[in-house]
Undergrad: 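Quick one: the structure is below, and I'll ask about it shortly.
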Amino acid sequence: MAGRNITTAAGLSHDEQQRWAEAFVACGASQCGFCTPGIVCRLVGHERRGADLRDRTTVDKALAAHLCRCTGWQTIREAAERVSTGSAGSSAGPPDRASDIDRSAAAERAQLETGGPQHTDTTTVLGAVAFGADGAPQDALFAIAASADNDDRDRWVVAETLTQARRSAGKVQGRRTTLEPIPPIAVPDALPGEQWDISLATCWTEPGYLETDAAWCEPGAEPSDPLANGGAFGGKAASGVGNEARCLADELGRPVRVLWSREDTVRRGPKRPPLAAGLRADGTGIIRIARTPGATDILKTVLPAATIEEVDVPGPPTSLALRAATWAEAQMLATALEQVRTGNTTATTHTSSGTGTAKVTSPNGATARAEVSPNQINVDIDAGNPLDSVTLRSYVIGAAHMAWSWVTSESLAVDEQGEVQDLTIRSFGIARSAETPNIKVTITPSPLPPVPAGEPVFAAVAAATWQSQGTPPHLPTGR
């Protein structure tokens with residue numbers, strides 16, 4: 001960037017900051033907010049050049065260089081249209097918010113969906129909230145995990161600057177393999193002369209949160225929270241970076257920032273446990289799943305007639321903390337079995353219309369119904385009192401995109417030794433804005449207590465997408 005001027009969100013004009021921040025809040029276009037300032041700067045740059053931000057193709061191209069795992073892109077496009085038109089935009093967009101919105105209700109809904117506190121105001125849009133490594137003293141050391149190729153996996157490289165630490169740790173950024181992703185567990189063999197009515201084998205996939213694990217700590221103090229303003233959808237629930245920062249700070253007598261690189265997050269961070277299933281129409285059969293505490297109990301609750309076998313699989317760690325992990329897969333199988341039993345379709349062939357439907361109720365009582373067609377995803381959600389309909393809609397759209405993307409295009413290449421080889425965001429197969437169907441959300445008003453909506457929406461959209469595609473998640477199309 002030598003010889004160039006760099007403008008961050010802090011360098012935008014007051015008018016630009018105000019218009020864009022208010023539009024993002026009005027549309028629910030920012031959740032954890034880690035990616036949002038960069039996206040705003042990108043869109044402002046297009047606006048300054050006179051681009052038509054009402055045009056989806058223009059905005060899709062602008063967003064191609066970004067990742068927003070939370071929102072599913074659509075609310076960001078709606079915010080761009082709102083700024084461009086000076087109004088709420090299309091009738092299909094989010095309900096318009098009054099200037100005196102109940103921010104406590106919005107924050108309560110966000111906390112329900114993330115499992116932790118989350119700010120949803122204009123300061124979040126412009127990057128004025130603290131994340132995992134923010135707030136550390138200027139003299140804090142930087143700690144980077146040794147290269148994954150190093151035999152001593154627990155060794156930390158500590159230096160005065162981030163660049164020095166990365167060089168000493170031998171980090172290799174931007175690696176993508178040509179190794180093809182394949183399911184690590186094969187579909188169980190059926191009895192001689194028999195064929196499964198339903199079969200499914202899932203691949204390793206990456207949660208894909210943008211802010212990699214990070215925390216800082218002073219000697220004798222408590223570390224910062226790696227979740228900070230939410231995000232990760234369970235991917236950081238058991239992150240060890242806080243404890244690592246505390247141990248290093250106490251040992252070295254200096255404040256220490258611990259930063260995972262993308263390579264660390266992908267190789268050391270938890271994944272959904274992959275599984276392979278072969279089932280008969282009556283629900284009997286075999287499901288094999290990577291050994292994960294609690295996985296058998298979830299599968300037996302949804303599919304009581306199946307035999308569950310936990311197996312050891314070389315690969316990254318697994319966790320049920322990730323959004324609807326194992327429960328969504330079980331709901332996909334249960335929905336497919338119901339379709340086979342009623343004679344509407346089969347799980348291994350396309351439906352005649354190319355559409356799929358599924359209805360899922362979570363243990364906490366939230367009900368989601370999804371209809372998926374090639375260019376449209378419709379979601380009806382009853383999650384108790386919406387609290388703030390714009391915030392709820394944003395999380396429903398994000399969960400729908402995440403499920404649709406997971407089924408249609410996501411995967412990780414893992415070698416025979418269990419080492420992840422795809423280490424770039426682009427290589428995870430996460431669907432970009434241009435590839436994502438329009439998502440319409442219908443919220444059912446309810447006087448009942450509010451409950452999280454993300455997991456049932458994820459499960460319902462995943463099941464409906466699998467049915468509509470006729471393609472199990474282990475056959476990615478987006479690599």
Side-chain angles (χ1 to χ4, degrees), residues 72 109 112-113 115 198 200 202 205 233-234 272-273 275 277 279 281 283 287 289 294-295 297-306 320-342 344-347 351 355-373 376-386 392-408 437 439-444 446 448-470 472-473:
R109 172 52 68 179
L112 275 174
E113 301 300 335
I198 298 292
L200 171 68
T202 63
T205 54
F233 301 101
R272 310 175 71 87
L275 61 76
L279 299 176
I287 303 175
I289 187 166
D297 294 339
I298 291 176
L299 291 170
K300 291 299 289 185
T301 298
V302 181
L303 302 160
L320 299 183
L322 296 167
R323 175 176 264 171
T326 300
W327 184 73
E329 289 86 334
Q331 294 294 335
M332 291 169 65
L333 290 166
T335 300
L337 285 172
E338 181 62 24
Q339 294 288 338
V340 170
R341 284 193 289 265
T342 58
N344 291 339
T345 186
T346 68
T351 59
T355 63
T357 60
K359 182 179 179 180
V360 171
T361 299
S362 65
N364 62 27
T367 298
R369 183 184 182 278
E371 180 181 69
V372 176
S373 59
Q376 182 76 27
I377 299 173
N378 296 322
V379 181
D380 297 331
I381 180 67
D382 182 350
N385 184 349
L392 175 56
R393 177 179 181 269
S394 176
Y395 276 94
V396 169
I397 290 173
H401 169 270
M402 189 179 290
W404 183 86
S405 174
W406 173 59
V407 173
T408 59
I439 301 170
K440 180 182 178 181
V441 178
T442 302
I443 298 173
T444 301
S446 173
L448 297 176
V451 291
E455 294 207 348
V457 169
F458 183 96
V461 173
T465 302
W466 187 33
Q467 179 192 347
S468 71
Q469 296 261 313

Undergrad: Nearest 0.5 Å, what's the CD1-OG1 distance between I377 and T355?
TA: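 It is 12.5 Å, given to the nearest 0.5 Å.
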Undergrad: Within this structure, what is the CD-CG distance for the pair E329 and L303, rounded to the nearest 0.5 Å?
TA: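 E329 CD to L303 CG: 11.0 Å, rounded to 0.5 Å.
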Undergrad: How far does OG1 of T335 sit from CH2 of W466, to the nearest 0.5 angstrom?
TA: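 Here the interatomic distance stands at 9.0 Å.
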Undergrad: Any donor-acceptor pair under 3.5 Å linking the side chain of Q331 with the backbone of A460?
TA: no
Undergrad: Kindly give the heavy-atom pair with the smallest separation between P450 and R109, and that separation in Å.
TA: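 So the two residues come closest at CB-NH2, 3.7 Å.
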Undergrad: Any chance you could measure F233, atom CZ, to E455, atom CD, to the nearest 0.5 Å?
TA: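 F233 CZ to E455 CD: 11.0 Å, rounded to 0.5 Å.
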Undergrad: May I ask you to check if R272 and W406 form a cation-pi contact, with NZ or CZ under 6.0 angstrom from the six-membered ring centre and within 45° of the axis?
TA: yes
Undergrad: Side chain of R341, backbone of A281: donor and acceptor closer than 3.5 Å?
TA: yes
Undergrad: Using 0.5 Å steps for rounding, measure from the CG atom of N385 to the CG atom of L448.
TA: 9.0 Å
Undergrad: Hey, is NZ on K440 packed in by over 12 heavy atoms from elsewhere, all under 6.0 Å?
TA: no
Undergrad: Considering all heavy atoms of both residues, which atom of A400 and which atom of V461 are nearest to each other, and what is their separation?
TA: O-CG1, 3.5 Å
Undergrad: So Y395 and P452, do their side chains get closer than 4.5 Å, heavy atoms only?
TA: no
Undergrad: Which pair of heavy atoms, one from L333 and one from A277, lies closest together, and at what distance?
TA: CD1-CB, 3.9 Å
Undergrad: Give a yes or no answer on whether the side chain of Q467 reaches the backbone of A464 with a donor-acceptor pair at less than 3.5 Å.
TA: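 No; judged by distance alone, with no hydrogens or angles, the pair does not exist.
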Undergrad: Of all heavy-atom pairs between M332 and A462, which one has the smallest distance, and what is that distance?
TA: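 Result for this residue pair: SD-CB, 3.9 Å.
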Undergrad: Any side-chain heavy-atom pair from P273 and L320 closer than 4.5 angstrom?
TA: yes
Undergrad: When you measure from the side chain of E113 to the backbone N and O of G454, does any donor-acceptor pair fall under 3.5 Å?
TA: yes
Undergrad: Rounded to the nearest 0.5 Å, what separates atom CD1 in I381 from atom OG1 in T367?
TA: 7.5 Å
Undergrad: Ignoring hydrogens, what is the shortest heavy-atom contact between N364 and A366? Give both atom names and the distance.
TA: OD1-N, 3.1 Å
Undergrad: Using modelled atom types and a 3.5 Å cut-off, is there a donor and acceptor pairing between side-chain atoms of T202 and backbone atoms of L275?
TA: yes
Undergrad: V396 and side chain to side chain contact (heavy atoms under 4.5 Å, CB included): which single residue from V441, I439, I443, D380 fits?
TA: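 Exactly one option meets the side chain to side chain contact (heavy atoms under 4.5 Å, CB included) with V396, and it is V441.
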Undergrad: Does L299 offer a backbone N or O that forms a donor-acceptor pair with the side chain of D297 under 3.5 Å?
TA: no
Undergrad: Closest approach of L279 and A306, non-hydrogen atoms and distance?
TA: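 Closest heavy-atom pair between L279 and A306: CD2-CB, 3.9 Å.
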